[in-house]
Amino acid sequence: MRASQYLITTKKESPADAEVISHQLMLRAGMIRKVAAGLYSWLPLGLRVFRKVEAIVRQEMDKSGALELMMPVVQPADLWEESGRWGQFGPELLRIKDRHDREFCLGPTHEEVITDIIRNEINSYKQLPANFYQIQTKFRDERRPRFGVMRTREFCMKDAYSFHSSAESLQGTYDVMYETYSAIFTRTGLVFRAVLADTGSIGGSHSHEFHVLAESGEDAIVFSTEGGYAANIEKASAVASAQPSTGGNGEITELATPGVHTIAELCQFMDTDVTQALKALIVSAEDGEGQTQLYGLMLRGDHELNEVKAQHALGLSSEITFATEEQIKGALNCAPGSLGPVNLNLPMVVDHSAAALSDFVCGANRDGYHLTNVNWVRDCEEFTVADIRNVVAGDPSPDGKGVLEIKRGIEVGHIFQLGTKYSQAMKATVLDENGKEQFMSMGCYGIGVSRIVAAAIEQNHDGNGIIWPDAIAPFQIAIVPINMHKSDNVNETCEALYQRLSDAGHEVLFMDEPKARLGGMLADIELIGIPHRIVIGDRGLEDGTVEYRNRRETENQHIAMDKLDDFIRDKLFK
RNA sequence: CGGGGCGUAGCGCAGCCUGGUAGCGCACUACACUGGGGGUGUAGUGGUCGCAGGUUCAAAUCCUGCCGUCCCGACCA
């Protein structure tokens with residue numbers, strides 16, 4: 001590609017509303033432009049990267065045996081009524097009406113449509129297993145789109161859905177997808193990890209997420225230092241390291257603690273360690289009958305609540321939220337800041353680490369007062385003990401090997417075993433060997449194609465711009481002439497090289513604007529992140545050499561003209 | 001949806017407090033010089049100051065309402 005025929009619209013300054021580095025660099029490099037919140041256009045340069053990622057995903061999916069199809073973005077409400085999700089999905093599902101006043105939605109995902117297709121097309125267990133995928137636009141009316149194309153409302157996803165006549169078959173395809181995802185992310189050149197995940201609202205049992213490791217990642221992911229254990233922090237188990245305390249012998253005492261509201265203030269006031277204080281949290285959720293109920297959750301002072309675990313420990317199907325100050329005052333006659341487990345009169349779950357405490361400090365359920373020397377068995381009413389906290393670095397690993405460390409990750413892929421959730425709701429059956437009707441088991445497998453582009457930048461950049469892995473770079477090689485308009489030698493050498501490299505199948509960006517200044521061209525190429533660059537000027541040509549530099553290096557190499565083609569070939573197919 | 005910030009040229013900003021001619025840098029156009037890391041000069045193009053009301057002789061500036069957008073929290077590829 002000749003730069004003079006291309007759209008290169010780089011900027012020195014990044015727009016004020018771009019906060020994360022990938023967003024800034026994509027705007028500065030001229031890859032994307034915002035149309036509205038969470039809606040972006042991909043300019044030619046950005047689209048080249050996007051297509052690279054898409055091609056890798058498609059090739060590996062095809063290799064896995066999955067079949068590509070394409071389903072519509074706009075989906076009829078009927079199908080969603082059938083699965084029960086028309087009611088379950090919140091405002092994230094963008095609902096629209098057509099001219100006949102019929103209801104539709106913009107598809108945030110395609111379980112309904114694929115299940116509808118398959119129940120009509122597949123009737124026999126002999127046609128299973130089957131796995132179908134598409135690479136297509138999704139729409140989710142996110143509460144808060146952010147971070148450029150990392151979290152948008154309209155985005156591109158590869159979604160696949162598999163169908164099975166047995167759990168073993170589902171596990172088999174799940175394993176194949178796990179390997180396929182590993183191959184895809186390996187080929188993109190990104191550092192990634194697969195971790196155990198919670199299944200969340202999509203439902204189902206077994207699930208893994210694939211994360212690109214980056215400081216700016218939205219998710220915390222947890223690894224064993226010695227073993228292979230890896231999980232999202234939402235899912236990672238905290239090993240019950242100590243037995244529940246049977247009690248200390250301190251005398252329970254109520255102390256006036258004016259102005260003390262936080263754990264930190266309490267520990268300072270009491271001159272005690274944060275690990276000897278109890279944190280009481282009041283949460284609100286709908287119980288089985290649809291009534292709002294408050295619950296007390298007790299954690300050691302230095303630990304944080306894991307809401308997913310707490311929801312499971314309480315046996316609730318609906319999400320829990322922190323109770324409002326009004327709710328708490330109404331139920332307990334006391335404001336947050338002085339809450340504790342003694343005489344709480346709410347269903348109560350105590351974390352393992354908190355249950356191991358004795359003679360601890362906690363709120364007195366009376367404004368401005370706290371208790372010391374509290375003990376569970378002696379002083380508290382009924383409660384259950386469970387794992388409801390987030391693990392912290394240094395916790396023992398659940399697999400018994402080493403301790404846990406925590407890193408940040410960007411979720412770029414997620415695989416689920418759905419089981420029969422959708423096939424039952426939508427009556428997707430096949431006849432088995434005995435001629436009996438049987439619900440198909442399903443798996444679903446997603447990859448955020450547009451997000452991978454942003455994640456790649458988060459993981460690969462420096463002060464000068466993007467550093468693309470070769471596999472997804474918009475161009476492999478940049479040719480930069482010096483004073484081309486003054487030197488026929490430079491001009492002819494560049495033209496000839498551009499022709500040869502292009503003919504050899506390389507993607508070359510030839511900076512052929514005759515009067516462009518060197519500094520500007522080099523800055524652009526570094527910002528855009530082209531991995532290999534060749535600078536050609538009269539000085540080098542007098543000695544029969546050109547300059548090569550890799551985007552990741554800081555020194556030029558002088559390459560003899562007659563060795564250049566071999567040199568480039570080695571660089572690109574190493 | 002709760003909390004906070006910001007809307008002035010394509011981008012980055014000043015002007016607003018204390019009402020009176022809309023300004024700077026980058027980018028863009030033309031010409032000249034320059035020519036191995038975003039160069040210099042001269043002359044230009046480009047703005048219903050987010051929108052709608054109100055106050056006033058006069059509003060980018062003061063008041064009210066709305067909209068957009070970004071950041072922090074609960075969701076997700």
Side-chain angles (χ1 to χ4, degrees), chain A residues 9-20 23-24 27-28 30 33-39 53 57 89-93 108-110 135-160 181 197-202 209-212 218-219 232 234 283-284 305 307-308 319-322 324 409-416 444-455 464-465 480-487 490 514-527 533 535-540 547 549 556:
Chain A
T9 47
T10 53
K11 293 182 189 305
K12 280 188 199 173
E13 291 168 302
S14 57
D17 53 9
E19 204 73 14
V20 297
H23 189 196
Q24 291 175 4
L27 289 168
R28 284 187 53 205
R33 290 292 180 253
K34 187 175 73 178
V35 176
L39 301 173
V53 175
V57 171
F89 245 85
E92 197 169 287
L93 183 68
T109 176
H110 282 71
I135 298 175
Q136 190 241 23
T137 299
K138 300 282 181 275
F139 192 94
R140 297 182 187 176
D141 202 355
E142 288 275 351
R143 294 168 170 83
R144 179 148 97 87
R146 54 183 147 172
F147 306 149
V149 299
M150 195 87 81
R151 176 173 303 284
T152 51
R153 294 193 289 176
E154 183 176 304
F155 62 101
C156 180
M157 177 160 118
K158 185 286 300 172
D159 48 327
Y181 275 36
D198 190 75
T199 49
S201 63
I202 303 229
E209 292 168 349
F210 287 77
H211 286 263
V212 169
E218 286 189 88
D219 287 281
N232 191 301
E234 290 175 353
V283 297
S284 164
L305 178 68
E307 295 178 35
V308 174
E319 281 166 30
I320 60 174
T321 56
F322 283 101
T324 62
I410 299 166
E411 186 189 353
V412 289
H414 202 160
I415 59 179
F416 295 88
C444 79
Y445 318 94
I447 288 183
V449 177
S450 34
R451 183 180 284 183
I452 288 174
V453 178
N464 293 327
V480 183
I482 298 171
N483 294 332
M484 188 168 68
H485 64 296
K486 285 194 174 177
S487 164
V490 170
K515 290 193 170 180
R517 303 185 70 86
L518 179 66
M521 290 190 284
L522 297 180
D524 278 351
I525 284 168
E526 284 166 1
L527 175 59
R533 119 185 155 196
V535 177
I536 298 178
D538 271 326
R539 286 186 205 166
E547 290 163 24
R549 192 194 287 191
N556 287 330

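Every chain is numbered from 1, with letters handed out A, B, ... down the list of sequences. Computed from a predicted structure; not experimentally measured.
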Watson-Crick or G-U counterpart of [N], or none if no pair lies under 3.5 Å:
N: B:G46; result: none
N: B:C6; result: B:G68
N: B:A60; result: none
N: B:G37; result: none
N: B:C24; result: B:G12
N: B:C76; result: none

Remember a base hit wins even if backbone is also touched, and classify [X] as base, sugar-phosphate or nothing at under 4.0 Å, heavy atoms.
X: A:E209; result: nothing
X: A:G540; result: base
X: A:G537; result: base
X: A:D159; result: nothing
X: A:S14; result: sugar-phosphate
X: A:A36; result: sugar-phosphate
X: A:M150; result: base
X: A:R33; result: nothing
X: A:T137; result: nothing
X: A:G519; result: sugar-phosphate

| CA sep, side-chain torsions, deciding dist, call: A:V283, A:E307, side chain to side chain contact (heavy atoms under 4.5 Å, CB included) | CA-CA 10 Å; A:V283 297; A:E307 295 178 35; over 6 Å; no
Between [atom2] of [N] and [atom1] of [X], the distance in whole Å:
X: A:K515; N: B:U40; atom1: NZ; atom2: P; value: 17 Å
X: A:K12; N: B:G12; atom1: NZ; atom2: C1'; value: 12 Å
X: A:R153; N: B:C75; atom1: CZ; atom2: C1'; value: 15 Å
X: A:R146; N: B:G68; atom1: CZ; atom2: P; value: 19 Å
X: A:D141; N: B:C76; atom1: CG; atom2: C1'; value: 13 Å
X: A:R28; N: B:G38; atom1: CZ; atom2: P; value: 15 Å
X: A:E218; N: B:C75; atom1: CD; atom2: C1'; value: 10 Å
X: A:L522; N: B:G39; atom1: CG; atom2: C1'; value: 15 Å

| said: As a quick check of understanding, evaluate salt bridge (Lys or Arg N to Asp or Glu O under 4.0 Å) for A:E526 and A:R533, giving each step before the final call. | reply: CA-CA 9 Å; A:E526 284 166 1; A:R533 119 185 155 196; 3.0 Å; yes
Let's test your reading of the model: under 3.5 Å, does the base of [N] pair with the side chain of [X] as donor and acceptor?
X: A:R517; N: B:G35; value: no
X: A:E526; N: B:G38; value: no
X: A:R144; N: B:G3; value: no
X: A:D538; N: B:G36; value: no

With no hydrogens and no angle check, is any side-chain donor or acceptor of [X] less than 3.5 Å from a backbone partner on [Y]?
X: A:H23; Y: A:A18; value: no
X: A:R33; Y: A:L27; value: yes
X: A:R146; Y: A:R151; value: no
X: A:S450; Y: A:C156; value: yes
X: A:R140; Y: A:P108; value: yes

| task | Starting from the 5' end of RNA chain B, give me the residue, A:P145 or A:M157, whose nearest nucleotide shows up first. | result | A:P145
| message | Heavy-atom nearest nucleotide on RNA chain B for A:G148 versus A:T10: which residue maps closer to 5'? | response | A:T10
| query | Would you say A:K34 reaches B:C70's phosphate, i.e. side-chain N/O to OP1/OP2 under 4.0 Å? | reply | yes
For nucleotides [N] and [M], find the distance between their [atom1] atoms and express it as a whole number of Å.
N: B:G38; M: B:G5; atom1: P; answer: 40 Å
N: B:G73; M: B:G54; atom1: C1'; answer: 37 Å
N: B:C13; M: B:U56; atom1: P; answer: 36 Å
N: B:C28; M: B:C16; atom1: P; answer: 31 Å

| query | side chain to side chain donor-acceptor pair (under 3.5 Å): which pairs involve residues 515-524 of chain A, sequence neighbours left out? | reply | A:T10-A:D524
